[in-house]
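Inspection log for the structure reproduced underneath, given as structure tokens.
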Amino acid sequence: MARIPEARNEPAKDYSPSSQERGILKRELERVGQIIEDIPAVVGGEELRSKTTFEIRAPFAHAHLLANAVHSSPEWVAAAIGAAMDVRRSWAATPLRDRAAVFLRAAELIAGKYRAAINAATMWGQGKTVVQSEVDAVCEGADFLRFNAAYAQQIADIQPLSTPGIWNQLDYRPLDGFVLAIAPFNFTAIGLNLATAPALMGNVVLLKPSETATLSAWLVHKVLVEAGLPPGVINFLPGSGAAISAVALKHPDFGGLHFTGSTQTFRSLWKAAAENLSTYRQYPRLVGETGGKYFIFIHTSAEGDLEAVATAIIRGGFEYQGQKCSACSRVYVPESLWKRLKERLVETTASLAMGPPTDFRNFLSAVIDERSYARIGKYLALAQGNEATVLAGGTADRSVGWFVKPTLVAVSNPRHPLMTEEIFGPIVALFAYPDGKYLDTLREADRAAPYALTGSIFARDREAIRLAAAELRGAAGNFYINDKCSGAVVGQQPFGGGRASGTNDKAGSIFNLLRWTSPRTVKETMSPPTLHSYPSMGAP
């Protein structure tokens, strides 16, 4: 019997000055910067266009128009549901090996033929540096496709016990209805996974990409089509998430939601599904990864590792402008280590190069859009207030792009808003705690914010590590020891958290795929009984 091959992680290229891949990407960046893409909706394989469009501009150069994309109308959403349901039966009946082959082919296209193009679209459209784009759009994108295929094989191999004369089977059916996938701006690979994970398991999908990431999402959709994805299996619907979900969540065939985005939005979608529950043909599966306020906690025994601690804070807090659900946003440091750590952090933060990601020398670029810039500006104002001291950064400039300086803020109150509220920008708050209050401060870190996605502990003392892991067990679905609190790799650290951070269904793992199947138990009896009576019914 044919089996899906074992998965491997896609190696990241380093784009060093003398490398071949650097030259190829530079030329592609120049090409993408000289065109204005026209992005349609795609329903049942048909491209749909209208005069109602929105602009996609480079966040680091907001005068630069990259694309015009259509706003999907309510009629298009209804048509997409119809197109998906038309092909649902045939796609569900397609053998797993054939469904997987489409996505394995797409992985090769992403890692090969379209590597530079997907990186260029992500760098221009989402403001990612080459390092951040490579590990996201290319490596993680290919990893999701390869590992999910391998995990689907593992699921298919899970079969029940059969006894003599009886053959028991599990039939891994898709959900009844369609899946609505709503993607964020910050990871090209996440948008890809949100749509393809359910589709791999035989479901049909409506994909709503983030407006600010529509350029890269459109290219990824074209890659899937080139890889052989049948029309109607994944329908591409740019535009307003509220307008699209308003139609989809009222439809009787709504079968599931695969979501990454804000906690507030996910809660509103969950409420909408609850309000329409009686109209659905099945109880829908709701899978979401949402917000966060993630921490790095330092123990006194990390005294000899302050360079590693500083690197973890800088990378964890400022890579991709802090626009990661796993970004380091708060730090707890012992008072005895505070002065030395502060010196390292302030010096490094002040030296970070910021500018267009098309200049590979830059460590970070602009935040995604004006709305994000304004929200982060409110937290910069808080950093100038009571109980807070700006150590580095603290300024912003919108004249060319949405640039916010990487900012370090020392706070005297562990419940300062900078320590408890999600910012989603390049601001890191630091609280110095008394050395003798390690346990109390661990418990404070657990209670301070409603989220529970990622966190890390730096320590050499094994008892301190054990205590942190125990006290913070519920505070992070991804917990790191002596490392930054971001950078999960598919196949190595399944990603997801609980509390206000989501349903913890672990993207890029067998656990997530199980959410997109509705197993049927099949019992086949080879020699059915022909008498209704049992031996115990005989005469005494």
Side-chain angles (χ1 to χ4, degrees), residues 31-87 117-118 120-127 178 180-185 188 191-192 194-195 204-226 229 231-251 254 261 265 268-269 272 368-374 398 401-402:
R31 186 193 71 82
V32 172
Q34 293 175 349
I35 62 175
I36 300 175
E37 191 78 29
D38 173 29
I39 302 177
V42 181
V43 173
E46 179 184 358
E47 294 186 2
L48 303 179
R49 290 178 168 82
S50 75
K51 294 181 180 179
T52 306
T53 61
F54 61 93
E55 295 179 338
I56 301 165
R57 294 181 175 273
F60 54 90
H62 45 57
H64 190 118
L65 180 63
L66 296 168
N68 291 300
V70 296
H71 271 294
S72 298
S73 68
E75 293 76 18
W76 290 0
V77 179
I81 294 171
M85 295 305 293
D86 284 346
V87 302
I118 288 174
T122 300
M123 293 168 70
W124 270 107
Q126 290 140 268
F178 65 91
L180 174 63
I182 300 180
F185 76 84
T188 300
L192 171 66
L194 291 173
V204 288
V205 180
L206 273 58
L207 171 62
K208 206 301 287 186
S210 168
E211 283 132 301
T212 46
T214 304
L215 180 62
S216 61
W218 169 234
L219 178 55
V220 167
H221 181 81
K222 291 193 289 185
V223 168
L224 293 173
V225 172
E226 184 173 330
L229 186 71
V233 173
I234 297 177
N235 299 275
F236 182 77
L237 296 173
S240 165
I244 292 167
S245 62
V247 176
L249 268 64
K250 291 179 180 178
H251 199 282
F254 173 65
T265 300
S268 69
L269 293 168
I368 191 65
D369 58 17
E370 183 175 15
R371 183 173 60 179
S372 178
Y373 179 89
R398 56 177 292 164
W402 310 114

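No donor-acceptor pair under 3.5 Å is formed between the side chain of K208 and the backbone N or O of S240. Judged by distance alone, with hydrogens and angles left aside, the side-chain atoms of S372 form no donor-acceptor pair with the main-chain N or O of D369 at under 3.5 Å. A donor-acceptor contact shorter than 3.5 Å links the side chain of S72 to the backbone of P238.
Minimum heavy-atom separation, N235 to A83: OD1-CB, 4.0 Å. Closest approach of P231 and V87 over heavy atoms only: O-CG1, 3.6 Å. The shortest non-hydrogen separation linking H62 to R57 is O-CD, 3.0 Å. Looking at every heavy atom in both residues, P184 comes nearest to L194 through CD-CD1, 4.0 Å. Closest heavy-atom contact between A69 and I56: CB-CD1, 4.2 Å. Nearest heavy-atom pair, Q126 versus P59, reported as atom, atom and distance to 0.1 Å: C-CG, 3.9 Å.
Rounding to the nearest 0.5 angstrom, the gap separating the CD1 atom in I234 from the CG atom in L207 is 7.0 Å. Taking OG1 from T265 and CD1 from I182, the interatomic distance works out to 8.5 Å, rounded to the nearest 0.5 Å. Atom NE2 of H64 and atom CD1 of I36 lie 7.5 Å apart (nearest 0.5 Å).
Side-chain atoms of L224 and L192, non-hydrogen and from C-beta on, do get closer than 4.5 Å to each other.
Applying the side-chain hydrogen bond (donor to acceptor under 3.5 Å, both in side chains) test to T214 and every residue at least two apart in sequence or in another chain returns nothing. The side-chain hydrogen bond (donor to acceptor under 3.5 Å, both in side chains) test applied to S245 returns no partner, not counting sequence neighbours. With sequence neighbours left out, W76 forms a ring-ring contact (aromatic ring centres under 6.0 Å, His included) with no residue at all. The side-chain hydrogen bond (donor to acceptor under 3.5 Å, both in side chains) search around D38 returns R49, not counting sequence neighbours. Here F236 pairs with W218, H221 under the ring-ring contact (aromatic ring centres under 6.0 Å, His included) rule; sequence neighbours left out.
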- Could you go through the side chain to side chain contact (heavy atoms under 4.5 Å, CB included) check for V70 and L48 one step at a time? CA-CA 8 Å; V70 296; L48 303 179; over 6 Å; no
- Working for side chain to side chain contact (heavy atoms under 4.5 Å, CB included), residues H71 and E211: CA-CA 9 Å; H71 271 294; E211 283 132 301; 4.2 Å; yes
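Applying the salt bridge (charged side-chain N to carboxylate O under 4.0 Å, His left out) rule to pairs touching residues 67-85 yields nothing, sequence neighbours excluded.
Note on ring orientation: taking the six-membered ring where Trp is involved, the planes of H251 and F178 are perpendicular (angle over 60°, cut-offs 30° and 60°).
The side-chain contact (heavy atoms from CB on, under 4.5 Å) test with T188 singles out one residue from L219, V220, L215, and that residue is V220.
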